[in-house]
Novice: 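Submitted below is the structure of interest, expressed as structure tokens.
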Number of protein chains: 2
Amino acid sequence: MKERFIVIGGDAAGMSAASKARRENPELEIIALEKGDWASYAACGLPYYLKGNVDNIEDLIAIPPEVFQEKRDIDLRLNHEVTKIIPEKKKIVVKSQRNEIEFNYNKLLISTGARVARPRIEGIDSQGVFFLRGMSDGIKIREYLEKREPKSVLIVGGGYIGLEMAEAFHTRGMSVSIVELLPHLLSTFSPEIVEIVERDVKDYARLYLGRRVNSIREIDKDKLSVSISDGENKNQEEIETAMVLMATGIIPETSLARDTGIKLGKSGAIITDEYGETNISAIYAAGDCTEVKSVVTGQNIYLPLALTANRNGRAVGTTIAGEKTPLSPIAGTAVVKVFQLEVATTGLTDLDAAKEYGFNPVKVTIDSHSRAGYCPGAKPIKISLIADRDSKRILGSSMVGEEGVSKRIDIIATALYSRITVQELENLDLAYAPPFSPVWDPVLTAARVLNGRLK
Amino acid sequence: MKERFIVIGGDAAGMSAASKARRENPELEIIALEKGDWASYAACGLPYYLKGNVDNIEDLIAIPPEVFQEKRDIDLRLNHEVTKIIPEKKKIVVKSQRNEIEFNYNKLLISTGARVARPRIEGIDSQGVFFLRGMSDGIKIREYLEKREPKSVLIVGGGYIGLEMAEAFHTRGMSVSIVELLPHLLSTFSPEIVEIVERDVKDYARLYLGRRVNSIREIDKDKLSVSISDGENKNQEEIETAMVLMATGIIPETSLARDTGIKLGKSGAIITDEYGETNISAIYAAGDCTEVKSVVTGQNIYLPLALTANRNGRAVGTTIAGEKTPLSPIAGTAVVKVFQLEVATTGLTDLDAAKEYGFNPVKVTIDSHSRAGYCPGAKPIKISLIADRDSKRILGSSMVGEEGVSKRIDIIATALYSRITVQELENLDLAYAPPFSPVWDPVLTAARVLNGRLK
């Protein structure tokens, strides 16, 4: 009998694993079970779909279901929810729309992803309050936008999704407010960088920082009233809005794993070994439901990002196909477009966090330009760079600017993998031509200034 | 008595050395002698000055002479040419416009740069034939363009300067022809990449590849006739043009060094030790007149680029100020804007060259996009990536695309320093957001495909 590989969750990690396993091992029987209506889609594209940049929701589908079925010989089943895993019997219980079935497996991959965090707020189920995670959420919101044409929106949460959606709503001509519980937007970025972002965002949206949402109330069919206050429940304020978007982050979807006795980390995400196998033999996990190792600290972190899900899915697929392939540690690199700005981060950018990991961190922030100063169109770039004073190793960086940021952060990401020192970073032979960089690239300038501080 | 540090040549390497030496050692007496009218300028900006992007030639001056004099206590003398070095006496002979002087030195830096290669072509001194190297050349050409308003130009040489100038002339509304002796433009880039460039350039300029210029003849005051033929002197053709720009490359300016008995490499450029000192004690060299070590091969190469000159000048300045600082090896990273395209290269990109250095090279070329496929404005990117089959080390890359190329090459440049393998490159955690990259950045895709070829 054929070996059977079952994938639970049909998005980035799951379908990457299934596809790679198929390519490497034509003998395997592969079943992918997805509880929702959609598989293999680019959730990161939803803000652009809602902005109106992407016309059809189908454009966000990376690989259509029929390709898995017909070309890749992967038995992908939508609307199939795994309700139970019985590891002793290597069996799972699956609920479809019609009935309940059982499958035996030889290898299992849990790639159940993450779901939105639903804060306990009175009135959160009111009409006009939306969450954005999957394709169905995207469709619902776009329908609402097109049918009701709301003139205003209040976004709860100032992270990536909140900011991308602020841009999307603004582009549609809506008046945008953002409420963030923490004192600043983009809390994982260097404060010096976030300052620039906040200054820019204020031109497009009303910012309520360090404020919590207490309740949401329906005033009439097209109007909500949102009550916010500061952390100590003072300075209460009522904001009227036509629509609310909850962008308060995501949490790993690991209830099935937990019920099965699979070990979870502090974050609530699944812990695996270096090949993605959980504490239960033959059960693997990958994607947004897992912790991954940081290349900077060597410790596990929970940082659900698309590339990691794709890559680790692929690695598990290869391992299951027969060739043991380790997962990659991550640098924690991220970039986001916020109105006119590109904002990016990688590695450790918080001094306190760096200290907790046992480093002796030192940070500089420099200002430079995206092009030679005399070149028309040169835009300011600000870079924060952090290193360890003892080992001189680069630990991380955040950057912001109107151009040339999204790929500059990758220089630092690459540097983190090689554990290079500040001096080595300063010595890099980076590309220079007047339309693309000053002679000393801003990254080199940051390294030079930081190097001076290390002496 | 104070130690005296004399710099010969007042551009990037020389003035970087002088400035850094001053900062590190306030006791030093520093004299910088420049034979021309200009010091510390951005020659790389000249094409943009000629395009009309940069209004004033003064905008290209990095640091004005009076700043060196007044703020940095550096005795910068323009129009002072060093005609002789007498190492036994630690003395130099200097010719100024008025007289001849001698200076004693304790430390000497030769940073005489490079000059244009003047091919032996009949009629090369005709009116309307120009070279472009220094500021005076730039002024002369711009004057000619503005006064005579030539309608056509023939550029001899299809390297960086030739192509940047093609864009500059085209922007001015001139009809542009390019004659290149070699079979292709940008001969140091991967052929697969150059193919794209040539296709693009053809929309803006007439290309004559594999053709040499035999003679230039003045027809009348506003018209030249240029005779070209193929390598075997066949297929002779006459091209009429209002103007000729010779962009046939540069050669190191080392006659003074050679006359002094300083060791030169095969390229004709000065050989130094790792601190920039020549074979003659107390005489250093840096910048476009020197060879530098390649980080890929460990061998010396002649690759005169602005960043290297600045950086190595700085290193020598630091050493001379008292703190021994090694020069940095270079990856050979370069980027050039050619009409709509960004074209970049780093490391070894030629299979034959790689073999000569003892590698067992393997190359792939992939096509990807600058943004997520569904994102409006996504542009094609093509990447050639080369690795050594034996060690799996990355050796080099060339890239071309309409956006996102200039800094992507820096990922590879950084990788070259760390001698990372193809697998390690594939595992990098690079930034992803739909407006900036597909989930798998084109660099990762190239690494993945190349990795497949290595197995």
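These numbers were taken from a predicted model, which means no experiment stands behind them. Naming: A, B, ... by sequence-line order, numbering from 1 per chain.
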Novice: Can you tell me which portion of A:I409 sits under 4.5 Å from chain B's heavy atoms? Options are side chain, backbone, both or neither.
Specialist: side chain
Novice: When you measure from the side chain of B:K407 to the backbone of A:A431, do you find a donor-acceptor pair of N or O atoms at a distance under 3.5 Å?
Specialist: yes
Novice: A side-chain contact here means heavy atoms from C-beta on lying under 4.5 Å apart; do A:E424 and B:Y417 qualify?
Specialist: no
Novice: Between OG of A:S437 and CG of B:D410, what distance do you get to the nearest 0.5 Å?
Specialist: 7.5 Å
Novice: Could you look at A:R448 and say if it's the side chain, the backbone, both or neither that has a heavy atom under 4.5 Å from chain B?
Specialist: side chain
Novice: Within the side chain of B:D429, is there an N or O that forms a donor-acceptor pair under 3.5 Å with the backbone of A:T333?
Specialist: yes
Novice: What part of A:I330 is in contact with chain B, defined as an atom under 4.5 angstrom from a non-hydrogen atom: side chain, backbone, both or neither?
Specialist: both
Novice: If the condition is ring pair (Phe, Tyr, Trp, His ring centres under 6.0 Å), which residues does B:F339 pass it with, not counting sequence neighbours?
Specialist: B:H170, B:Y204
Novice: Between A:V439 and chain B, which part of the residue has a heavy atom less than 4.5 Å away: side chain, backbone, both or neither?
Specialist: both
Novice: Can you sort out the partners of B:T297 under side-chain contact (heavy atoms from CB on, under 4.5 Å), two or more places apart, ordered by chain and number?
Specialist: B:S294, B:Q299, B:L348, B:Y357, B:F359
Novice: As an exercise, state the distance from OH of B:Y432 to CG of A:N310, rounded to the nearest 0.5 Å.
Specialist: 8.5 Å
Novice: First locate atom OG1 of A:T414, then atom CD1 of B:I412, and finally report the distance between them rounded to the nearest 0.5 Å.
Specialist: 8.0 Å
Novice: Taking every non-hydrogen pair under 4.5 Å, which of B:S418, B:A413, B:P435 racks up the most with chain A?
Specialist: B:P435
